[in-house]
Amino acid sequence: MPGRAFLAGLPLLAAVLAATWLGLQPPSPLPSSAPVGDFSAGRALSQLRRVLEAAGEGVPHPAGSEANGRVRDRVVALFREIGIEPRVVTTTTCNRYLTCTPVGNVVARVAGRGRGPAVLVSAHHDSVPAGPGAADDASGVAIVLEMARVLRAEPAAADVIFLVDDAEESGLGGAEAFLADPAAHEVGAVVNLEARGTGGPSLLFETTGSGALVARRLSEGSRRPVGSSLLSTVYRLLPNDTNLTVLQRLGVPGANLAFIEGAVRYHTPRDDLDHLDPRSVQHQGENALALVRALAEPATGPAGEAVWFDLLGRWVVRFPEGWALPLSLAALLLAFAAAAGDVRRGRTGLARIALGAVALPLGVGVSAVLGFGAGRALGLDSVLRPWVANPGPLVAAFLLAGVAGGLLPAALLGGRAGPSGLRAGLRVGLAAAAVALAATLPGASYLLLAPSLVAGVGGILARRAGDLGDGIADVATMVAAGLVLLPPAWLLYPALGHAAGPAVAAAVALVALPLAPLAAGMPVRARAIAVGIPGAVGAAALVAALLLPVADADAPERLVVYFHQEGTKARILASSDLGRLPPEVRAAAPFSTAAEVRLGWGTLRPSFEAQAAPLLAPGPEAEPREVSRAGETVRWSARIRSPRGAGEIQVAVPPEVDILAFRADGIQVPSPVPKLARWYGGWWVYRLASGPGGVEVEITARAPGPFEVVIADQTPGLPPAAAGVASARPPWVVTQQEGDVTLFTRRVRIEADERSPR
Ligand SMILES: [Zn+2]
């Protein structure tokens with residue numbers, strides 16, 4: 001009987017796996033002929049094409065560039081075409097990433113039916129210097145335009161303000177500038193549109209203000225909600241930022257939507273129209289429109305945080321965060337009661353239950369170790385190169401590691417603990433873990449709460465139903481675990497890459513574990529086979545993953561080329577995410593085998609260096625205006641200019657100098673976000689947009705003695721000496737982020753005399 005129940009559970013496990021995967025598939029795009037009141041990806045994509053055409057085929061349009069201005073003008077023209085007159089707000093902002101850039105925001109408004117607080121929808125029109133940004137974030141801009149068209153035809157309950165901002169990629173400059181806009185005071189809720197990849201479902205991955213309210217509005221409005229309080233909880237632990245990081249300072253409820261599959265193309269030239277999945281645009285647009293309509297309604301909603309998640313991409317389950325701990329304690333009581341009943345009726349004993357309680361840490365622990373090993377077997381850096389070109393076999397290896405690890409306790413403990421001891425121990429262990437999770441990360445609590453409640457209730461109900469009742473309870477627990485744990489397991493690889501192996505395998509182990517008591521009822525040989533088959537297939541999948549190429553033209557290797565000159569010393573640097581140089585590139589210049597290169601501040605890793613003939617152009621120049629000292633406080637001001645006309649000036653201040661104030665052209669630069677210290681080994685690097693006359697810089701700092709700053713000027717692209725290296729890249733190797741750049745540096749010693757007493 002237990003054997004048959006176990007064998008019946010396996011296809012059900014596969015079915016839950018398939019159903020959760022299907023729940024994460026974005027919907028088919030609606031054609032341009034869709035009814036006027038519907039969001040159509042067909043129409044949005046034709047707007048997207050016209051936005052990108054303004055920059056030029058494949059041309060990046062970062063803040064401050066000429067292409068950026070053309071894109072902004074095109075966005076204005078496209079708003080006008082649908083009968084909306086937008087405002088263009090231009091200014092210069094300095095942000096907490098120590099970047100000062102010109103900003104050109106486009107702000108538009110569509111009137112609503114009523115007079116309640118407006119809903120703000122934001123997306124950014126700038127791209128990184130390395131790529132055209134079709135997904136990030138031209139898709140957001142196109143979705144805004146299509147939403148504006150729909151909302152003019154069928155208005156929402158309140159006004160909707162559209163912010164198509166600039167300089168998001170240069171430190172959230174456009175969003176900072178919007179906070180000073182008069183329209184900011186009218187905002188009652190924010191929806192931000194992002195893309196950290198080129199496909200996949202649109203996730204509501206972050207809520208701000210009241211999570212309970214945003215989750216409720218999503219469930220009221222969306223036909224295909226995907227998201228959870230887990231994603232929001234995890235996102236808050238990560239160092240990432242979007243427009244909403246700044247806009248949440250408005251103090252109103254906020255929703256952050258993004259798709260994240262194909263992240264290997266994010267911030268590269270492959271974030272282009274060919275790789276953008278129209279289904280993701282449809283999903284993101286539909287959900288954004290649904291959220292905006294629901295958030296515009298005047299009704300008040302719940303305050304505070306909620307525990308919430310989507311069920312198969314169709315429904316939203318939610319409850320107040322305060323319920324998580326009492327519910328998990330109730331599950332623990334049920335588990336104890338069921339165990340006590342089993343002991344009373346002589347089905348098992350305390351020693352066997354104690355042995356069964358080892359099953360959870362054993363199954364999860366072994367799975368995590370196997371998942372870790374599978375991820376590490378690739379030999380790739382988890383930060384520089386998280387993703388491979390063909391992830392299917394690798395993800396299969398992670399999943400199967402979880403199945404094998406989850407069933408392992410049946411083989412190792414099943415004989416001595418027996419099915420009933422294993423089951424009772426597992427229930428108590430699961431509920432105890434649910435209590436711990438509810439107490440520490442309530443947003444993630446539902447992951448263990450759902451299966452432990454089903455297991456506890458099942459344990460009580462199955463008391464009089466014998467083996468059949470136990471079998472049904474175990475399979476129901478597995479299904480409950482699968483419905484909540486498998487969606488995040490599917491999203492972990494797109495989110496984190498191969499480093500997600502331990503977490504994916506551990507999540508799957510928690511889904512497979514409820515079947516272990518059923519497997520424990522089978523003969524020893526059958527138990528070994530139940531663990532051995534997924535283990536062997538998983539190992540075969542890993543071998544396949546190791547044999548496949550890591551990169552291809554659609555999931556390229558990323559290699560950035562720099563030309564760096566200081567004085568008369570010039571060099572070409574190449575920094576690769578795979579720590580290697582393709583032979584074509586290596587042949588293009590006399591490269592060293594160096595693995596780390598110092599760049600004045602911080603290091604480039606892993607990288608390669610080749611000497612080059614210096615250019616005749618001089619480096620940046622600093623004309624000092626004032627230098628003085630009062631005790632340990634030094635004031636230094638200078639005009640820094642680039643004789644070669646670079647549009648960006650950089651000032652890097654070493655870690656031992658404590659900066660009290662920094663002004664660029666009279667604008668105070670705010671104090672940096674703390675994580676910035678990690679980016680350049682403790683150096684503070686100021687990046688300042690510069691006109692032909694240069695930038696007036698004023699530093700007030702605490703420094704006991706003289707010190708040296710590095711000034712730099714940077715231009716996109718490479719001189720002929722290095723361009724050959726960049727063009728030697730084969731089709732499966734591309735630049736990324738900032739793109740290939742030319743950088744001149746100069747060291748400036750700041751030696752101040754004590755200010756003469758007055
Ligand atoms: Zn973006």
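Below, each value reflects all heavy atoms present in this structure, side chains not excepted, and no hydrogens, waters or symmetry copies. Only a predicted model underlies this, so the values are computations on that prediction, with no experimental measurement involved. We count ligands from 1, going down the list as the structure has it; atoms in each ligand are counted the same way.
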Electrostatic pair D181:R87 at N-O distance under 4.0 angstrom: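 Result for this pair is yes, salt bridge flagged.
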
Proximal heteroatom of H124 relative to the Zn ion (ligand 1) (N/O/S): NE2

Atom name, D136 (N, O or S, nearest to the Zn ion (ligand 1)):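 The D136 atom nearest to the Zn ion (ligand 1), restricting to N, O or S, is OD1.
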
Residue E194, metal the Zn ion (ligand 1), N/O/S under 2.8 Å: yes

Parallel, tilted or perpendicular, as decided by the 30° and 60° cut-offs, for the rings of Y235 and F205: perpendicular

Polar side chain donor-acceptor pair, H267 to Q736, under 3.5 angstrom: no

Side-chain donor-acceptor contact under 3.5 Å, Q248 with T208: no

